[in-house]
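Read the numbers this way: they start at 1 and go in the same order the structure lists the ligands and their atoms. All of these numbers come straight from a predicted model, not from anything done at the bench.
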Amino acid sequence: MIRSIALPRVWVACPVCGSDDAVTVLREIVGDAHRVYARECPLDVQGGEALVRCRCCGMAYINPQPRLPANLASYPPSEETAYFAATRQERVGGAEHLLALLEQRLGSRGRLFDIGCGDGALLSVALERGWQADGIEASASLVAQLDANGLVEHVQLGRAEALAGDDARYDAVVLLNVLEHTLEPAAVLGEAVRVLRPGGLLAVHVPNYAWGRLWGRRWHQLQPLEHKHYFAPRTLHRLLVRVGLMPLARFGLPPASPARARLQRFLAAFGLWPGSGLGMLATRRR
Ligand SMILES: [Zn+2]
């Protein structure tokens, strides 16, 4: 029998506009697995989470938010490793696509910083393409694996809310499927802006809540122990502006399957594909 555990939960204000006036959208969400892990040992989490939507700006977020003690994780280490191995090909394809976009807009390769760099797939591609690339990753087990990939000198272990180093030292900063996990998205983006040079580019990609709203409880990204914040185009745009960025354009990350990519392009051409992922390019105001 699996033991159950009560997690501490913290009430938060809207991460985009700061209002605490929100309406409950979904109650008692338990996701695919409402479990946490002490290494490989599973523990059931007591109670479900609620998804709320800010009445002022429309941002959707989990409230109150469960807080994981340092000795617990949402995934067992073996599952985390398997996930990164299974999705690497798709993420390498996405990295090629995004780096080509950044190179086209900047007119050159330069210094790049990858916040939440995971297994270093984007860093490897960036280094191959001639970027000077560094990253930060909060998972100690993932950073340990970077050693085997020859990336250890490019990555620091730490959290994105407080980056080390000088202001304005990067030409591009990337956050791919990271912001929805963070406790304080505005603080993370604020740090990203601090290390980005004026005129430099920030690329952020999150699950698209405009798509998730259509699916309700069946949306596979609705994972309240991991994903605390659910951005739609309007709310992501507003937060980027708030931290001193000027949004420039949206981008998507192509799926690994060429057939799926063709179908998405076809539906998008007729305005029938809202996009399960939401990417935005923005520049730091000069
Ligand atoms: Zn709000």
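Listed by first and then second residue, the ring-ring contact (aromatic ring centres under 6.0 Å, His included) pairs that reach into residues 140-193 are F113-Y170, H181-H227, sequence neighbours excluded.
For the residue pair T182/E161, the side-chain donor-acceptor check at 3.5 Å is not satisfied.
Atom CD1 of I62 and atom CG of L222 lie 6.0 Å apart (nearest 0.5 Å).
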side-chain hydrogen bond (donor to acceptor under 3.5 Å, both in side chains) between E103 and W131, worked out: CA-CA 10 Å; E103 290 160 16; W131 290 80; 2.9 Å; yes
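Excluding waters, the set of protein N, O or S atoms lying under 2.8 Å from the Zn ion (ligand 1) comprises C14 SG, C17 SG, C54 SG, C57 SG.
A distance-only check finds no donor-acceptor pair linking the side chain of R53 to the backbone of V25 [under 3.5 Å].
Contact annotation: the side chain of L7 approaches that of P69 to within less than 4.5 Å [non-hydrogen atoms, C-beta and beyond].
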